[in-house]
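From a predicted model like this one, the values you see are computed outputs, not experimental measurements. In what follows, chains carry the letters A, B, and so on, assigned in the order in which the sequence lines appear, proteins first and then strands, with residues in each chain numbered from 1.
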There are 2 protein chains.
Amino acid sequence: MIQEEGHVKIRDLSEKFEVSEMTIHRDLKLLMEQGLVKKIFGGVQLQEVSNKIQQKQCTYCHKPISNEGKLTYQLILSANRIERTCCAHCGILRHKQLGEVVLQALCHDFMTNTTISATTAWFVMDTSLQMGCCEPQVLTFGNKDHAEKFVKGFEGTVLRFEEAAERVTEAMQASCCSKQK
Amino acid sequence: MIQEEGHVKIRDLSEKFEVSEMTIHRDLKLLMEQGLVKKIFGGVQLQEVSNKIQQKQCTYCHKPISNEGKLTYQLILSANRIERTCCAHCGILRHKQLGEVVLQALCHDFMTNTTISATTAWFVMDTSLQMGCCEPQVLTFGNKDHAEKFVKGFEGTVLRFEEAAERVTEAMQASCCSKQK
DNA sequence: TCAAAATATAACATTTTATAACAACAGTAT
DNA sequence: ATACTGTTGTTATAAAATGTTATATTTTGA
């Protein structure tokens with residue numbers, strides 16, 4: 001409903017789902033904390049378009065994003081929203097978190113800095129070259145050949161989007177005391 | 001209303017939105033503080049805007065935009081907003097994303113650097129000349145003849161705006177694992 | 001220049017919406 | 001069965017928005 005209208009009243013949601021307004025408030029709070037919607041007095045609306053306020057922080061880890069930002073990852077969402085993360089590590093996690101709201105994802109070829117689509121990119125993990133952004137590190141490449149040549153020199157594994165996503169998620173959920181969630 | 005007329009009376013706004021004039025005054029005060037409108041005795045008018053804030057980053061992929069910016073694409077939006085992308089690739093995607101908000105779109109002829117309208121420009125894709133900005137690359141030409149001569153030497157396909165938009169969107173939404181959404 | 005009319009502002013009252021604290025309830029593990 | 005957990009609804013209270021009235025300011029026209 002919010003997606004379609006751009007703005008909905010708490011009362012409408014309450015009637016629609018046949019629950020109290022209190023419940024709606026509570027549920028919206030979660031969406032708000034995820035940064036998906038914005039509560040205004042009397043309703044909810046989609047989070048502001050970020051075209052003026054240049055995002056200077058990673059949406060996921062909140063680290064400042066450097067200006068050249070070769071490592072950054074951009075998420076193009078519905079309703080003209082754009083999010084930006086410091087690197088593919090945070091980008092992939094946020095991407096998975098948002099799910100279908102993500103219309104497109106952009107990243108940059110590590111060698112040429114060409115902007116490419118993340119879903120078709122090649123991801124390199126476990127390499128010896130440490131960029132020092134996030135752990136586990138994920139580098140992005142526009143073509144397989146480059147990624148493989150890179151790995152030849154700097155070691156690591158070449159992965160597709162889904163594989164990389166799985167690896168990162170797994171690594172982040174691992175617990176210190178080996179008992180998985 | 002203010003946008004369209006350039007000048008509106010408080011009373012009209014009050015009747016239009018079915019609230020008291022006091023509320024209109026209060027709400028306009030906020031717009032005024034944001035510098036969007038100017039209150040005059042008996043009404044509001046649009047505030048003149050200075051587009052001094054030159055964007056130095058691509059609105060879409062956030063890559064820094066070089067100063068000569070031969071490849072850049074400009075979107076002229078309502079309410080005197082201007083957005084700038086690094087190249088036609090991002091420009092077209094952002095253009096489609098914003099939809100009707102875009103009043104005009106500018107780009108440059110690849111050979112002469114002449115500023116031209118994007119909607120009437122000729123777009124060249126799949127050429128052998130790699131500028132290294134974004135993938136899939138899109139070059140812009142002011143006239144069909146030039147585009148075709150370019151293609152004769154450097155290969156590629158000459159497209160109109162809509163065709164190019166479709167091609168780029170498709171490429172960006174493609175998934176790595178061949179199962180389309 | 002001045003008074004009358006029109007419009008704006010300030011202060012307060014009223015209404016609407018949000019939040020916090022608590023109680024009721026269902027499901028789950030012990 | 002019992003204690004625990006998490007969700008929901010209810011109530012009271014707080015916060016925000018809106019409307020009303022009285023007063024100030026600006027404009028208009030003689």
Side-chain angles (χ1 to χ4, degrees), chain A residues 1-53 55 57 59-62 77-81 83 93-94 96-101 169-170 172-181, chain B residues 1-50 78-81 101:
Chain A
M1 284 172 77
I2 305 172
Q3 209 81 258
E4 280 167 19
E5 305 286 328
H7 173 272
V8 190
K9 292 191 176 181
I10 307 289
R11 168 126 16 103
D12 298 339
L13 291 167
S14 161
E15 284 168 6
K16 166 90 178 179
F17 296 110
E18 295 177 349
V19 291
S20 70
E21 295 189 6
M22 196 61 230
T23 303
I24 298 294
H25 278 294
R26 281 191 273 239
D27 293 351
L28 284 176
K29 200 175 165 199
L30 296 177
L31 291 179
M32 223 173 64
E33 284 162 2
Q34 286 176 38
L36 294 174
V37 299
K38 185 180 174 185
K39 278 181 82 181
I40 53 169
F41 205 82
V44 238
Q45 59 185 201
L46 280 178
Q47 188 59 269
E48 287 288 316
V49 190
S50 64
N51 50 21
K52 42 190 175 198
I53 321 122
Q55 282 168 300
Q57 285 193 319
T59 318
Y60 203 75
C61 76
H62 294 91
L77 312 179
S78 56
N80 296 338
R81 287 169 301 149
E83 284 194 2
L93 289 172
R94 180 66 174 161
K96 282 292 176 187
Q97 182 185 38
L98 291 174
E100 293 199 352
V101 185
T169 312
E170 211 169 89
M172 297 308 286
Q173 282 171 348
S175 161
C176 58
C177 39
S178 80
K179 70 154 191 285
Q180 292 288 106
K181 192 192 99 168
Chain B
M1 284 172 77
I2 305 171
Q3 207 84 257
E4 281 167 17
E5 305 287 326
H7 173 272
V8 190
K9 293 192 175 181
I10 307 290
R11 168 121 21 99
D12 297 339
L13 291 167
S14 161
E15 284 168 6
K16 166 90 178 179
F17 296 110
E18 295 177 348
V19 293
S20 70
E21 295 188 6
M22 196 60 229
T23 302
I24 298 294
H25 278 295
R26 280 191 274 238
D27 292 351
L28 285 176
K29 201 176 165 197
L30 295 176
L31 291 179
M32 225 172 63
E33 284 162 1
Q34 287 176 38
L36 295 173
V37 300
K38 186 179 173 184
K39 276 181 84 180
I40 53 169
F41 205 82
V44 239
Q45 61 187 31
L46 270 180
Q47 179 67 275
E48 298 298 322
V49 190
S50 57
S78 56
N80 296 334
R81 287 171 300 150
V101 185

| Within a reach of under 6.0 Å around CD of B:Glu33, are more than 12 heavy atoms found that belong to other residues, nucleotides or ligands? |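 Check passes, neighbour count above 12.
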
| Heavy-atom count around B:Lys39 NZ within 6.0 Å, excluding the residue itself: above 12? | yes

| request: To the nearest 0.5 angstrom, please state how far the CG atom of B:Asp27 sits from the CE atom of B:Met22. | output: 10.0 Å

| field | Euclidean distance, A:Leu28 CG relative to A:Glu21 CD, rounded to 0.5 Å | value |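 Interatomic distance, A:Glu21 CD to A:Leu28 CG, rounded to 0.5 Å: 11.0 Å.
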
Would you mind reading off the distance between [X] atom [atom1] and [N] atom [atom2], rounded to a whole angstrom?
X	N	atom1	atom2	result
A:Met22	C:dA24	CE	C1'	16 Å
A:Gln45	C:dT17	CD	P	16 Å
B:Leu13	C:dA8	CG	P	11 Å
A:Leu28	C:dA18	CG	C1'	12 Å
B:His25	C:dA10	NE2	P	11 Å

| Contact boundaries of DNA chain D with chain A (under 4.0 Å, heavy atoms), 5' to 3'? |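 The contacted stretch runs from D:dT8 to D:dA17.
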
| 5' precedence on DNA chain C between B:Lys29 and B:Arg11 (nearest-nucleotide basis) |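 Looking at the nearest nucleotide for each, B:Arg11 comes out on the 5' side.
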
| request: Select from A:Glu21 and B:Phe41 the residue whose nearest nucleotide in DNA chain C is closer to the 5' end of that strand. | output: B:Phe41

| Overall bend - the helix from C:dT1-D:dA30 to C:dT30-D:dA1, comparing terminal axes fitted on five pairs, nearest 10 degrees |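 Axis angle across the helix from C:dT1-D:dA30 to C:dT30-D:dA1, nearest 10°: 20°.
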
| query | Checking all strands, does B:Ile40 fall into the base, sugar-phosphate, or nothing category for heavy-atom contacts under 4.0 angstrom? | reply | sugar-phosphate

| request: May I ask you to say what B:Arg26 touches in the nucleic acid, namely base, sugar-phosphate or nothing, with a heavy-atom cut-off under 4.0 Å? | output: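 Counting heavy atoms under 4.0 Å across all strands, the contact made by B:Arg26 includes a base.
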
| query | Counting only N and O atoms by type, is there a donor-acceptor contact under 3.5 Å from the side chain of B:Ser14 to the main-chain atoms of B:Val19? | reply |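 Yes, because the side chain of B:Ser14 sits within donor-acceptor range (under 3.5 Å) of the backbone of B:Val19.
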
| task | Search all heavy atoms of B:Val37 against all heavy atoms of B:Met32 and return the closest pair with its distance. | result |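 Between these two residues, the closest heavy atoms are O-CG, 3.4 Å.
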
